[in-house]
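In what follows, a structure is listed as structure tokens, so that the remarks can point back to it.
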Amino acid sequence: MAVTLNRALDALTGWLVGSIGDDAACGYALAAILQAGMLLNLVAISGLVFIWLERKIAGRIQDRLGPTRTGGRFGWLQTIADGLKLLCKEDLMPGKADWLLFRLAPYIGLAASLSAFLALPFSGMPHPFVAQRLDVAVFFVLAVLGLEVFSVILAGYSSASKWSLFGAMREAAQVVSYEVPLGLCAVTPVMLAGSMDLVTIGDAQQGGFWNWYLLHSPFAFITFGVYFTCATASVNRAPFDLAEAESELVGGFHTEYSGLRWSLFFLAEYGSMMLVSLLAAILFLGGWHGVLPLGLGSGGWLEALLGTGIGGYLGALLGLVLLLTKGLLLVIFMMWARWSLPRLRIDQVMTTCLKYCTPIAAVCFLGATLWQASLPNGLLLRPYNAELLRAQAAGPVATPPADVLIVDTAGGRP
Amino acid sequence: MQHDPAISEQLRERFPEAVVSASPGPIDPWIEIAPERLAEVAAWLKNDPAQDYDYLNGLCVIDYFTADKKLAEAVGAARLVVVYHLSNLSRKRQLTLKVTLPRWANAASETPPTLPSLAALWATAEWHECEAYDLSGVEFTNHPHLRRILCPEDWVGHPLRKDYQMPLEYHGIRGR
Amino acid sequence: MIWHSFFFALFAALACGFALAVVLTSNVVRMAFYLVLSLSATAGLYFLAGADFVGSMQLMIYVGGTLVLLIFGVMLTAQEEFIRISTRPAEVALAAMVGLALLILLSSAAFRVPAWRGDTPAERSLALTPQTVGPIAMALLGLRVDQAPPTADSPPNDRPGYVLIFEIISVHLLVVLVGAAYLARGRIGANSLVRQDPSQPASDLDDLADADPSGSELLEASQTLDSPAETGA
Amino acid sequence: MQTSVEDPRVLEFDVRTDEMLVNMGPQHPSTHGVLRLVLRTDGEVVSEVTPHIGYLHRCAEKIGENLAVRQWIPYTDRMDYLAAMNMNLGWSLAVEKLHGYAPPERGRHLRVIIAELGRIASHLVGMGAYGLDLGSFSPFLYAFREREKILDLFEQACGARLTYSYLTPGGATADLPAGWTTRCLKMLDEFEPILPEYHTLLTSNAIFVKRTCKVGVLTADRAISYGVSGPVLRGSGVDFDLRRDGEPCYTQMYAGYDFQVIVERAGSYPATTGAPPPPPEAVLGDSWHRFYVRMLEVVQSISLVRQAIALYEAEEGLDHGQPFKLGAKLPVGETYLETEAPRGQMGFYLVSLGQPNPWRARARSSSFCNLSVIGEIGRGCLIADIPAIVGSLDIVMGEIDR
């Protein structure tokens with residue numbers, strides 16, 4: 001997508017300045033801004049929708065209606081009204097707080113949550129909608145997701161409140177612990193696809209739901225469950241929302257926050273929820289591929305009918321919708337769990353992680369490996385893999401110029 | 001839950017000088033104990049297997065004092081009466097003990113009268129004695145932590161005393 | 001190319017600036033925070049150089065792991081509200097000397113690399129960056145794909161990869177972790193934590209209340225209580 | 001008993017950290033009102049809990065000395081405001097005991113209906129708020145949905161939804177309105193099948209079980225020594241319920257009713273439909289058992305209300321008892337009566353010198369005693385256990401502070 005966009009923008013700037021190609025930097029910058037803006041809007045709008053959805057779901061679960069007043073019968077504009085209210089609220093800061101860290105903490109969380117989206121693809125080859133295609137995308141996403149804990153720790157520490165400090169300590173302990181099983185679970189699809197590139201992993205599951213890694217083996221199935229549990233824990237959702245356990249810690253790390261800064265924490269939380277759900281969809285649920293092979297993707301009848309250009313893009317857009325739908329369903333599942341289950345205690349959260357999730361994930365990884373190795377034609381280290389790598393290592397592969405790395409192009413990497 | 005009709009006789013037998021008086025009714029019978037013998041009587045009631053009053057429902061203080069001449073006869077001598085309500089859960093028995101104390105150990109300096117604490121026998125007594133101290137001004141000796149439990153720590157006076165006057169002002173808040 | 005230079009300058013400036021801030025600030029938590037930013041900017045430089053794996057690794061291990069533990073440690077051990085560190089001039093001078101020496105050493109090493117001396121354009125060297133993640137991963141498993149495949153004349157285990165080193169490092173780290181846990185493990189009597197006798201008054205709590213028997217007791221007591229990391233008796 | 005160095009109980013800690021004093025309350029979501037708990041914590045472990053009460057103190061006993069006995073009824077409403085009907089009943093019975101008065105049969109059954117409905121309504125709050133304390137939101141709203149229906153019935157009977165002043169010395173301020181019993185039975189018929197839902201959401205929920213079992217264990221001995229009562233006492237396995245074991249002037253109210261005291265006997269509770277068996281990890285006297293006793297008492301109370309309605313409707317006359325005259329002089333004497341309120345034994349002590357107002361009016365609060373155990377059972381648990389314990393004690397600060 002970026003290539004096309006760059007070309008289009010180049011053409012546009014070229015037309016404007018009268019020289020084509022010389023000032024490509026402008027086009028790249030515009031493309032970068034456009035992509036980052038699209039991601040920002042995706043997170044912001046999904047945050048708006050999720051808050052509304054959460055209230056509606058909570059209402060329905062609790063035999064209530066949820067928001068009904070603002071914005072018509074279903075209260076569509078409730079979140080916007082809430083946002084306006086939060087904007088108008090006073091931005092309070094405790095007298096003893098560390099002003100710099102207290103003010104910065106929400107932005108760090110939001111930045112971490114947003115930047116993880118940079119490497120997340122929304123459709124597969126040949127038109128991967130991805131801001132920056134990385135060949136270590138899984139690793140990158142998990143690494144950046146782990147940075148969100150900083151905002152909580154700093155918020156908790158700088159608030160000069162004991163409840164905040166308790167929340168921050170719980171969060172730090174919890175997130176650092178849950179990164180281990182989360183990583184172990186994410187390794188299984190990586191191993192099955194033979195790549196850490198999310199586009200490759202997603203495309204490896206095309207052709208109907210029986211090709212999804214969820215149904216690859218019983219082990220992979222369990223791995224998905226463990227992954228989702230750990231993902232819920234690592235984004236601080238109930239029943240693992242100990243950092244903000246309101247019945248114990250008043251508000252946890254955001255006790256002292258108000259107004260817009262407080263809402264930024266929530267935007268970051270909903271962003272992370274979305275991120276881990278989309279990641280789960282790509283890693284286990286076929287990503288942008290449909291439940292049945294209807295030939296809408298590359299090489300299907302859609303491309304044959306409309307040509308690889310328009311047809312391909314239509315297919316990719318359809319994939320985007322499919323991926324977002326899968327992510328949304330997982331987010332709804334998280335909400336369902338939140339409004340049904342009591343909260344675990346901190347020692348039980350740690351026990352769940354260290355005694356159950358980590359060993360189960362490790363065993364399942366081993367099991368999935370053996371399963372894959374024992375399948376016909378499914379040997380782990382197929383000879384041509386090694387040959388391919390040798391070929392890569394032997395000679396320099398033509399990669400695009402370095403400045404493209406800021407806004408990578410589709411298909412630029414092998 | 002019944003009152004044990006024999007208990008006052010047993011107490012008189014066992015602690016002849018401890019039992020000051022006993023009322024058989026008409027509604028709830030009670031036994032009055034001399035304050036200095038309260039601790040041993042209570043210990044016996046708690047620990048004697050035949051008695052085994054294991055449950056202290058509560059204790060409260062009645063202030064008999066009035067400035068009203070019409071009531072003076074009904075009220076009688078100015079005094080504090082500490083009332084203990086005991087129960088035996090297994091045998092479904094109950095018992096009311098009373099202890100009469102002077103209103104002040106030293107009226108001039110308004111030193112509260114003292115009574116031994118029963119908190120070591122029944123843990124219930126711990127908070128109830130605090131309450132009695134707080135509201136009625138009876139000091140319990142050997143209490144683990146006697147404090148004002150309901151009123152603020154720096155409150156002056158004991159509100160359930162009949163001659164109590166609400167302070168005019170408490171930290172800038174109008175009292176009356 | 002202009003953006004590449006721009007971002008390089010940006011990240012480099014961020015990394016250097018926050019590194020300086022780490023040295024210059026006296027607040028431990030802010031120090032850790034500036035270190036986070038500095039290391040993140042360094043990760044940005046790695047991404048800029050096309051080393052995605054190293055960049056992600058930097059984020060995961062240094063920023064996400066080590067620094068979280070660092071801040072965690074600071075939070076757990078801080079005795080005052082916001083612990084401050086003051087350095088004496090002699091220490092500053094010493095640190096400056098060491099830092100300068102290191103800078104000279106690194107610079108001279110860097111200028112000795114032919115590709116970086118300007119003989120070849122920077123973009124060419126970047127464009128020639130081979131894909132390294134796969135081979136490194138395979139080498140960690142014992143398969144050296146960057147070497148020639150074993151033939152009849154060379155024995156197959158000529159270049160055994162990094163599997164042994166990998167394992168040794170893992171075991172070493174495990175030993176370090178276990179040792180640290182053992183050293184940190186303290187034994188204290190139950191009584192020093194738990195008050196055994198309920199009849200004993202909760203002395204220091206009462207001191208707290210007694211010290212301030214005014215109407216604003218609640219307010220002031222809660223303020224006293226709310227200062228973080230207040231130590232018990 | 002001084003701290004000795006050679007104490008056999010030595011705790012091992014992974015990392016020694018500093019102790020910290022934390023104020024939980026008086027403005028805290030899970031202290032059920034204005035309770036302030038000062039926690040001494042070492043990391044997440046609570047080494048000491050010190051409750052500070054009195055934020056709601058208004059010296060109701062002093063007020064009672066200056067009011068006629070019937071005028072004090074609204075003040076009893078404000079003690080346990082979640083079970084105001086049972087507070088009314090306690091004081092009314094104490095006054096009637098002094099008078100030697102027993103209400104007519106119709107009034108007796110009316111009181112059973114109202115008292116047991118009050119118990120259900122109160123336990124519903126206890127159950128829902130307990131879910132909230134443990135982080136589960138939905139049961140709270142389910143419980144309030146049902147409680148609202150009971151409050152609707154109360155409103156039809158007396159016009160108020162929270163502070164009723166309905167049962168008074170002598171009887172009740174008014175008889176039940178026409179059709180009330182039918183509506184009440186309909187409500188119970190709708191309510192009873194819903195109870196298994198609560199059990200699924202809380203009682204047998206795996207996380208709930210993990211959070212409450214073996215948390216805040218109160219042994220029977222300690223429970224009796226601390227004078228705790230009601231579901232807290234029975235949750236510790238003490239077979240005592242004033243409705244069966246109380247004084248005759250109270251137990252005669254329940255004469256002819258078929259009910260069992262909800263307590264674990266020989267390892268099992270009285271058979272209750274729809275209730276799951278106790279999980280194997282539950283220990284007698286822990287938070288789970290206290291909660292479970294309340295849940296079973298709800299079923300018990302439903303059955304009692306049904307029986308009472310049948311008996312009430314079978315009564316021939318329309319006399320439900322006339323309230324005493326407001327300014328009538330009390331007989332000289334004194335009396336103490338405890339009744340089984342939802343939160344435990346609510347005792348009223350009344351000393352009369354022959355005036356219309358009592359010389360001394362004393363309210364022995366059940367929550368007051370129930371809360372006093374928190375220092376003992378809250379010691380050594382985790383911070384997250386404190387709401388779990390306080391919630392399982394089901395306290396109401398209005399009653400504690402009076």
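Below, chain A is the first sequence line, B the second, and so on; all start at residue 1.
- Contacts between residues 210-218 of chain D and chain A, counted as heavy-atom pairs separated by less than 4.5 Å, involve D/K210, D/R211, D/V215.
- By the 4.5 Å heavy-atom criterion applied to side chains, D/R294 and D/P231 are counted as neighbours.
- Per-residue counts of heavy-atom pairs under 4.5 Å with chain A were compared for D/L201, D/N205, D/L141, D/L202; the largest is that of D/L141.
- Within the 4.5 Å cutoff, the side chain of D/F137 has no heavy atoms near those of the A/I61 side chain.
- When heavy atoms are compared at a cutoff of 4.5 Å, D/I386 does not approach chain A at all.
- In summary, the side chains of A/E54 and A/W339 do present a donor paired with an acceptor at a separation below 3.5 Å, with no hydrogens or angles considered.
- The closest side-chain donor-acceptor pair between D/Q156 and D/D152, if any, does not fall under 3.5 angstrom.
- Aromatic pair A/F50/A/F266: ring centres not closer than 6.0 Å.
- With sequence neighbours left out, A/F333 forms a ring pair (Phe, Tyr, Trp, His ring centres under 6.0 Å) with A/F228, A/W336.
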Check the pair D/E399, D/S367 against side chain to side chain donor-acceptor pair (under 3.5 Å), reporting the backbone distance first and the verdict last. CA-CA 7 Å; D/E399 188 191 343; D/S367 292; 3.2 Å; yes

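- The contact between D/F208 and chain A is made by backbone and side chain atoms together, counting heavy-atom distances below 4.5 Å.
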